[in-house]
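Scope of the values below: all heavy atoms of this structure, side chains included, with no hydrogens, waters or symmetry mates. Remember, predicted model here, so these are calculated numbers, not experimental data.
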Amino acid sequence: MSVISLVPVLALADSVPQSKRWFALGGFNRALYSDIRYDFKNEDYDFTLSRIDADNAEVFKNNVSVGYFFDENYAVSMGVDQLRYVLANGQTVKISGDIANVDPAFNGSYKKDSVTLTDDFIMFDKSDAINYLFVDHSYYSEYREYTPLEDGNVTAHWLVGLSAGMMVPKTNAILFTQESFDGLYLAGAGVNVKVGANLFLGQHFFVQSEMKMGYANLWNVKMTEDELTDITQQFSFGQINLSVGGLL
């Protein structure tokens, strides 16, 4: 659903041109995430947490996009995908690095040691969403299977695409009981590839399904109000999207 799909207009009846048309769509997605890695650094600590499992915060997330068919088989679009997850506390992860002047329970040097995530250590909730603002370029082809309808045909198409954009999260986090930062901000960038299929119903409306695989690098994660704290994050993600849309 993410953005692309949009315009199955490719193989519609001759009365519906497939180029030089605007389209819009919206829908929902179900996302999965790889193990996540965080790097934390300031004057009191320099450590890495890895092999962190991110649970889906909600079953469904939202996607919206608008685009333009500049050719019979190619479209560009802009959209927003919401990526939501929560770091489940109580899980055991790997820690490497040094912590000092923070809390006697956590001060020390680590080298691929095991540590349990607790509320007094770190709590990280992306259920308010990482908003993936992307630009997409897609290629559409068609299967050309028609079923007569009163107002047109049913047409199936497959598509492939490439997207890239910025990650703008809203974070609810606690790090060593420091005052948390809660607001939208530019944190990093992402890229994804996708494959999908859409079904055009009649002259203007369609439904679309997509599978996306992507990678995100957040080099400016904000968990606290401390401007001197440097936090980075990397993860891969996959999505199954379902959306509805139409030609404008």
Side-chain angles (χ1 to χ4, degrees), residues 31-57 61 80-134 163-192 213-239:
L32 296 173
Y33 305 97
S34 67
D35 288 347
I36 294 177
R37 169 189 171 121
Y38 283 101
D39 295 289
F40 303 84
K41 185 176 182 179
N42 75 1
E43 60 182 5
D44 292 324
Y45 47 77
D46 184 354
F47 68 98
T48 296
L49 296 178
S50 58
R51 301 186 185 179
I52 302 174
D53 180 35
D55 291 339
N56 289 289
K61 297 87 176 175
V80 180
D81 285 359
Q82 289 187 329
L83 305 176
R84 300 181 179 181
Y85 64 83
V86 175
L87 300 189
N89 275 17
Q91 65 176 294
T92 299
V93 303
K94 293 298 182 181
I95 181 171
S96 296
D98 300 293
I99 300 175
N101 304 320
V102 172
D103 186 317
F106 305 113
N107 292 342
S109 296
Y110 303 90
K111 186 176 182 180
K112 295 183 179 180
D113 295 315
S114 296
V115 63
T116 300
L117 299 186
T118 58
D119 286 343
D120 56 349
F121 181 16
I122 180 175
M123 184 279 290
F124 197 55
D125 184 344
K126 282 287 198 242
S127 59
D128 285 334
I130 298 177
N131 299 292
Y132 178 27
L133 283 63
F134 60 85
S163 306
M166 308 307 293
M167 297 289 182
V168 181
K170 189 174 188 298
T171 303
N172 179 15
I174 296 175
L175 178 62
F176 299 132
T177 69
Q178 296 177 3
E179 183 178 356
S180 65
F181 177 88
D182 184 15
L184 291 170
Y185 64 97
L186 177 60
V191 63
N192 75 268
M213 292 295 296
Y215 172 77
N217 184 350
L218 281 61
W219 58 79
N220 181 37
V221 177
K222 293 183 181 296
M223 287 190 183
T224 75
E225 295 288 350
D226 181 7
E227 295 293 336
L228 299 179
T229 299
D230 182 16
I231 306 172
T232 62
Q233 172 189 6
Q234 302 88 36
F235 64 92
S236 299
F237 62 92
Q239 289 175 251

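The heavy-atom pair separating Gln234 from Tyr215 by the smallest distance is CG-OH, 3.4 Å. The two residues Tyr38 and Ile231 have their closest heavy-atom pair at CD2-CG2, 4.2 Å. Gly238 and Met213 get closest at one heavy-atom pair: CA-SD, 3.9 Å. Of all non-hydrogen atoms in Ile95 and Tyr110, the two that sit nearest each other are O-CB, 3.5 Å. Looking at every heavy atom in both residues, Phe237 comes nearest to Met167 through CE2-CE, 4.3 Å.
Under the side-chain contact (heavy atoms from CB on, under 4.5 Å) criterion, Asn107 pairs with Ile99, Val102, not counting sequence neighbours.
You'll find the ring centres of Tyr45 and Phe176 inside the 6.0 Å limit.
The CH2 atom of Trp219 sits 12.5 Å away from atom CD of Gln233, with the distance rounded to the nearest 0.5 Å. Note that the NZ atom of Lys112 and the NZ atom of Lys94 stand 9.5 Å from one another [nearest 0.5 Å]. Here OG1 of Thr232 is found 8.5 Å from CZ of Phe40. Values are rounded to the nearest 0.5 Å. Interatomic distance, Tyr132 OH to Asn192 CG, rounded to the nearest 0.5 Å: 4.0 Å. Atoms CG and OG1, from Leu117 and Thr92 in turn, are 8.0 Å apart once rounded to the nearest 0.5 Å. Between atom CG of residue Leu175 and atom CG of residue Asn42 there is a gap of 8.5 Å, rounded to the nearest 0.5 Å.
A 4.5 Å side-chain heavy-atom check between Glu43 and Asn101 finds every atom pair outside the cut-off. Counting only heavy atoms from C-beta outward, the side chains of Asn131 and Leu133 approach each other to under 4.5 Å. In this structure the side chain of Asp103 never reaches within 4.5 angstrom of the side chain of Phe121, judged on heavy atoms. Two residues are said to be in side-chain contact when any heavy atoms from C-beta on lie closer than 4.5 Å; Phe235 and Ile130 meet this criterion.
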Could you give me the CA-CA distance, side-chain angles and deciding distance for Thr118 and Phe106, then say whether side-chain contact (heavy atoms from CB on, under 4.5 Å) is met?
CA-CA 11 Å; Thr118 58; Phe106 305 113; 4.2 Å; yes
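With Thr116 contributing its side chain and Gly90 its backbone, the two residues share no donor-acceptor pair below 3.5 Å.
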Please report, to 0.1 Å, the donor-acceptor pairs under 3.5 Å made by any side chain of residues 47-54, with sequence neighbours excluded.
from  : atom 1 : to    : atom 2 : distance (Å)
Thr48 : OG1    : Asp39 : OD1    : 2.5

